[in-house]
Protein chains: 2
Amino acid sequence: MNKLKSYKAICLDMDGTVYRGNEVIPEASVFINSFQGKDIDIYYVTNNSSMTAERFQAKLLRMGIHASTDQIMTSSIAAATYCKQHFEGAKVMMIGEEGLEQALRSEGFVITDENPDVVVVGIDRNITYEKLSNAALSIRNGAHFIATNGDKAFPTERGLVPGNGSFVKLLETATDREATIVGKPEPYMLEFIRQRGYSKEDMVMIGDNYDTDIQAGIRFGIDTIHVSGGVTDRATVLKKDMQPTYLFDSLTDWK
Amino acid sequence: MNKLKSYKAICLDMDGTVYRGNEVIPEASVFINSFQGKDIDIYYVTNNSSMTAERFQAKLLRMGIHASTDQIMTSSIAAATYCKQHFEGAKVMMIGEEGLEQALRSEGFVITDENPDVVVVGIDRNITYEKLSNAALSIRNGAHFIATNGDKAFPTERGLVPGNGSFVKLLETATDREATIVGKPEPYMLEFIRQRGYSKEDMVMIGDNYDTDIQAGIRFGIDTIHVSGGVTDRATVLKKDMQPTYLFDSLTDWK
């Protein structure tokens with residue numbers, strides 16, 4: 001596995017790969033810290049659109065992991081980047097939380113409640129019927145329909161609650177239009193990392209979830225590493241048509 | 001068309017057939033009033049779950065149409081009847097408005113926010129993420145999943161806004177479970193009218209929407225009359241595999 005040492009950008013899923021809830025995964029911590037002082041960049045790649053890069057940075061720091069905000073790639077940051085590249089100067093209507101709002105504003109977008117050119121939808125736990133109606137009416141009036149991520153549900157201490165993908169489905173049903181989804185398994189987040197100066201051969205995507213993390217890497221055309229102990233177990237991965245480049249029991253398998 | 005005179009229960013869609021918004025359709029008014037004093041019962045059959053029978057009664061009265069609350073069959077009343085027949089004594093969690101709440105209470109159901117046996121979902125323009133999460137968690141925990149109606153969107157003065165069917169799709173997506181939908185085109189409302197003492201031969205379903213009104217009648221196995229001027233135009237109806245029994249330009253075609 002000498003090839004492992006030739007990567008220049010390691011793209012790591014967070015929840016289920018670096019930590020579980022608020023608990024760091026020890027092997028991940030050892031793995032990440034082993035790159036300190038080396039010429040290899042680590043990126044943290046998450047579909048979670050709710051938090052800002054600063055909040056993820058602080059969360060990682062509480063687990064003893066030092067990261068700059070530039071190393072954090074959320075589906076909100078990616079959605080804002082996508083809008084910047086496709087609809088610069090557009091008026092944007094947003095359904096979302098702090099992470100999406102900050103990402104859109106930092107790309108210079110004006111956020112509006114009326115006559116938007118683009119509607120961007122991320123998880124919003126203060127959702128109202130009015131927000132959903134405004135989004136549906138705007139999409140029917142021709143606004144572009146962008147979603148941070150398509151996760152149908154996400155785990156909480158109470159169980160699986162509706163994820164952004166369920167709200168996207170609501171709006172797709174109400175409007176007969178299909179959203180452009182930016183998060184994993186779509187490859188946009190990896191492409192925006194690549195644009196910082198890597199080639200695809202430089203990059204590897206590592207994660208526990210075959211359907212999002214590994215699929216994103218495969219669709220983007222880079223090497224992938226599946227790590228056991230999270231959403232998808234090893235036996236399930238082995239049944240898939242498209243295999244990850246490597247299957248790890250834990251990140252300490254990296255040699 | 002002498003057969004028309006042999007029906008004992010005329011089931012009329014309301015919006016698009018009896019009125020448009022707050023304006024009565026004159027031919028419908030003439031049609032309905034022609035049955036006064038005759039031994040033919042009229043039922044008003046609507047997927048709108050938001051209002052109580054009393055509110056529909058008052059709305060019709062403002063248009064000069066006298067109806068008793070027994071003649072009003074809403075998807076909320078039908079959902080409550082369905083629950084009474086299948087889950088009597090169950091604890092019910094509700095997403096919905098006044099029409100659904102009153103219908104469930106009048107069938108004797110206790111409405112709860114915790115550990116329900118049944119989750120009933122109707123349109124709720126005060127929807128919150130908390131309500132949707134509670135419903136999703138309950139459905140995942142095994143509660144029966146009932147929806148008043150599956151309309152994806154409905155018209156307002158601003159345009160088409162999300163209907164209950166879009167919220168049902170959200171919960172189906174979040175839970176991987178399929179709802180039992182009670183409203184048209186499902187035949188439950190017609191069956192609950194039949195149970196008041198009619199045979200199918202006694203009944204006719206009249207409406208402007210092929211996909212809900214006419215389909216409900218066809219699936220239930222009763223005669224149907226499509227009336228032009230509403231959601232589905234005559235040319236579109238004529239292309240369907242399953243034709244309504246009669247095609248009317250207006251309700252004054254009833255002879």
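All heavy atoms count here, side chains included; hydrogens, waters and symmetry mates do not. Note on naming: letters A, B, ... go to the chains in the order of the sequence lines (proteins, then strands), and numbering restarts at 1 for each one.
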Is there any N or O donor on one of chain B and chain A with an acceptor on the other under 3.5 Å, and could you list each such pair with its distance?
unit_1    : atom_1 : unit_2    : atom_2 : d
Tyr129(B) : OH     : Pro162(A) : O      : 2.5
Asn134(B) : OD1    : Arg158(A) : NH1    : 3.3
Asn134(B) : OD1    : Arg158(A) : NH2    : 2.6
Arg158(B) : NH1    : Asn134(A) : OD1    : 3.3
Arg158(B) : NH2    : Asn134(A) : OD1    : 2.6
Pro162(B) : O      : Tyr129(A) : OH     : 2.5
Ser166(B) : OG     : Ala174(A) : N      : 3.3
Ala174(B) : N      : Ser166(A) : OG     : 3.3

For chain A, which candidate among Leu132(B), Val168(B), Leu171(B) shows the most heavy-atom pairs at distances under 4.5 Å?
Leu132(B)

Identify the heavy atoms of Ala153(A) and Ala174(B) that sit nearest to each other, and give their distance.
CB-O, 3.8 Å

Step by step, would you call Ile127(A) with Ile127(B) a side-chain contact (heavy atoms from CB on, under 4.5 Å)?
CA-CA 8 Å; Ile127(A) 193 68; Ile127(B) 194 68; 5.5 Å; no

Here the gap from Ile139(A) atom CD1 to Leu160(B) atom CG, rounded to the nearest 0.5 Å, amounts to 13.0 Å

